[in-house]
Amino acid sequence: MLYRDLAAFFERLEGTPGRLGMTAILVELLAKVQPGEMTAVVRLLQGAVAPDWEGLEVGLAEKQILKALAMAQGSSTKSAEALTALQTLYHETGDLGLAAEAVVAKSQQRQTSLFGASELTVAAAFAGIQAIARTTGTGSQEAKQRLLSKLLLDASALEARYLTRMVAGRLRLGVADMTFLDALAAWRLGRGVRSVTDMEDAERAEQEALRAELERAYDLRSDLAVVADALASGGLDAVAQLGVAYGTPVRPMAAERLKTLGEILTKMEGRVAMEYKYDGLRIQAHVSPSASAPGGTEVRLFSRRLEELTAQFPDVVADLKTAFAGQSFIAEGEAIALDKEGRMRPFQDVSRRRGRKTDLDAVAKEIPITLFLFDLLADSSGSTMAKPLVERRERLARLVGTLHDRIRVSTLEEATDEKGMEMFFDKAVEEGAEGIMCKDPRAPYKAGSRGFAWVKFKTDYTEALVDTLDLVAIGAFYGRGRRAGWYGAILMAAYDDTAGVWRSVCKLGTGFDDATLETLKPRFEPHLSAARPANVDSEMEPDVWFQPAIVMEVQAAELTLSPIHRAAWGQLKPGAGLAARFPRFTRWRDDKKALQATTVKEVVRLYETKG
Ligand code: AMP
């Protein structure tokens with residue numbers, strides 16, 4: 001497949017907001033993919049050289065991308081001219097891709113006869129981008145720049161738009177992972193794309209079974225390319241073979257929320273397993289015998305966003321290696337800093353480790369981490385995810401024992417009445433937990449899904465009318481007066497996971513101290529968007545738009561019907577959506593992706609249950 005054909009699909013996807021429309025385009029695209037090309041196509045579509053945990057990034061600064069583009073224009077006079085034009089256009093549009101496209105279009109107009117159409121294949125484009133990413137060390141920026149300008153040499157205007165966005169890490173076609181899985185299923189069945197409500201029963205059942213199988217594999221491998229490649233090369237049998245793998249993170253199970261302990265008890269049919277809700281950093285630990293060093297033990301740690309954390313927690317890695325030499329299992333837990341008296345320290349203490357590259361040993365000494373394991377996903381017998389929680393916990397407790405000071409099992413108790421739940425909640429809060437997690441003792445571990453098998457219940461729920469929401473920033477308003485030149489308020493949205501769209505919920509202007517206000521602009525800069533992204537729904541027009549990427553915790557006084565905000569629009573009342581009133585910023589949730597933010601469904605439920 002030629003890259004220019006892929007770019008044409010990208011352009012169509014960009015102009016299509018609805019999930020069904022996107023699915024239809026993707027099915028057409030999948031039909032054109034040649035054997036062996038699937039991984040390249042999926043990665044290019046997702047705008048990532050490799051899955052998150054591999055940590056491989058293109059690593060080219062914007063300045064270098066602009067220079068590479070200019071260089072590709074040929075002679076030094078032309079390239080100097082192109083660089084000035086590019087800088088101006090980039091400044092005006094805020095979009096490297098559009099700037100590149102315009103400059104290439106202009107130069108090709110002048111010399112169409114000299115240029116044949118680009119014959120860059122998808123495989124070559126992907127290999128070229130991988131080569132750029134793998135170039136490291138001194139002088140690598142220049143080397144990367146040269147590689148990119150070679151890739152761009154014969155690029156058409158549209159190819160330049162997408163190649164540039166890809167290397168800048170800003171492709172963002174808005175294709176949700178679930179939409180891609182829909183497309184894979186429809187492509188495989190070969191019946192075209194229709195809404196499930198328009199299908200015959202048997203047809204729907206077949207589609208849903210296939211879709212569920214694809215999602216199962218995706219939840220275990222967290223990589224669309226692996227699933228798509230298995231389906232393309234070995235059919236359903238190959239997909240069925242995909243199971244948990246050491247060194248590849250499983251998509252984490254997530255919790256729902258309910259307002260009262262009584263509701264939780266009813267939902268879990270009178271029997272609840274309760275654990276402390278530790279306010280730390282979620283870690284998925286993969287422990288296995290080392291493949292490279294016989295007799296050694298390999299440990300890899302992953303975050304809830306599926307990034308590798310191994311290097312940031314050398315102390316936890318060492319503790320796990322000592323405690324579990326030669327064993328193999330995958331477990332999840334919360335990493336917490338404890339003070340000298342053994343009390344839990346706040347989340348910020350642990351979060352100082354994230355993204356840190358230096359001084360880790362010193363930080364590890366200053367703030368030692370204790371890992372409270374709460375679930376077991378696999379052990380030497382294979383995956384344990386289908387087993388009920390109680391059995392997974394029994395195995396976990398046996399595995400961990402009581403010998404290790406800094407590797408422990410989370411505190412758990414069962415209750416069959418509200419009184420027991422209240423007592424456990426009080427004890428948890430007293431000991432420094434932020435609340436409790438209530439879990440259905442009979443439920444399996446459902447990778448990648450949020451459901452009522454886990455329900456969180458936090459201290460803030462017990463204060464009247466106060467809820468915390470993890471919302472996504474979609475735009476900003478410039479400040480006035482003392483805040484002139486800074487962003488004064490951020491437009492926040494909840495995630496509509498049915499449509500794959502972020503819908504506005506509030507304008508957030510309080511809770512920021514001056515130091516935070518000063519850092520808002522640089523923090524959001526990489527996510528600026530020239531116009532409202534297609535997967536964002538907002539009536540309110542901010543001064544600048546963002547791609548949905550950054551999650552912030554917001555505390556609101558209450559949820560109200562609103563004629564302005566778009567979450568759950570028309571669902572509770574015609575012409576109204578839901579808004580968070582008197583929102584206040586409480587903290588950054590860098591551990592969450594935009595897809596893991598509070599959903600519109602959760603907001604509706606909170607509104608309905610608040611009293
Ligand atoms: P939230 O971040 O509020 O959506 O709550 C879910 C998170 O709570 C999980 O992703 C974990 O990081 C954290 N957590 C703390 N303690 C537990 C526990 N005992 N079981 C499961 N998750 C826990």
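One-based numbering, in listed order, for ligands and for the atoms of each. FYI, side chains are in, hydrogens and waters are out, and symmetry mates aren't considered; it's all heavy atoms of this structure.
Selection from Glu434, Arg282, Arg304 by nearest heavy atom to atom 7 (C) of ligand 1 gives Arg304. Summarising the contacts of atom 23 (C) of ligand 1 with Phe374, Phe372, Trp454, the nearest heavy atom is found in Phe374.
Using a 4.0 angstrom heavy-atom cutoff, Lys458 counts as in contact with ligand 1. Every heavy atom of Arg257 sits 4.0 Å or more from the atoms of ligand 1. Taking 4.0 Å as the cut-off, Arg589 counts as a neighbour of ligand 1 on heavy-atom distance. By the 4.0 Å heavy-atom criterion, Lys592 is counted among the residues contacting ligand 1.
Remark: Asp590 engages Arg523 in a salt bridge, criterion side-chain N to carboxylate O under 4.0 Å.
Tyr218 places no side-chain N or O within 3.5 Å of a backbone atom of Val227 that could act as its donor or acceptor partner.
Numbered from 1 in the order shown, with element, the atoms of ligand 1 that lie under 4.0 Å from a heavy atom of Glu275 read 18 (C), 19 (N), 20 (N). Against a heavy-atom cut-off of under 4.0 Å, Tyr276 is close to the following atoms of ligand 1: 16 (N), 17 (C), 18 (C), 19 (N). Remark: ligand 1 atoms within the under-4.0 Å shell around heavy atoms of Lys456 are 1 (P), 3 (O), 4 (O), 5 (O).
Residue Arg450 has no nitrogen or oxygen atom sitting less than 3.5 Å from a nitrogen or oxygen atom of ligand 1, judged on distance alone.
In this structure, the separation between NZ on Lys387 and CG on Leu376 is 10.5 Å, given to the nearest 0.5 Å. Distance check: Arg605 CZ to Glu602 CD gives 6.0 Å after rounding to the nearest 0.5 Å. Rounding to the nearest 0.5 Å gives a distance of 9.5 Å between CE of Met492 and OG1 of Thr598.
Within the 4.0 Å heavy-atom criterion, both parts of Tyr278, backbone and side chain, lie near ligand 1. Here Glu332 has no heavy atoms under 4.0 Å from ligand 1, in either its backbone or its side chain.
Residues Arg170 and Ser529 have side chains that never bring a donor and an acceptor to within less than 3.5 angstrom of each other.
Remark: Glu215 pairs with Arg211 by the side-chain hydrogen bond (donor to acceptor under 3.5 Å, both in side chains) rule, at least two apart or across chains. Taking Arg408 as the reference, nothing meets the side-chain hydrogen bond (donor to acceptor under 3.5 Å, both in side chains) condition, with sequence neighbours excluded.
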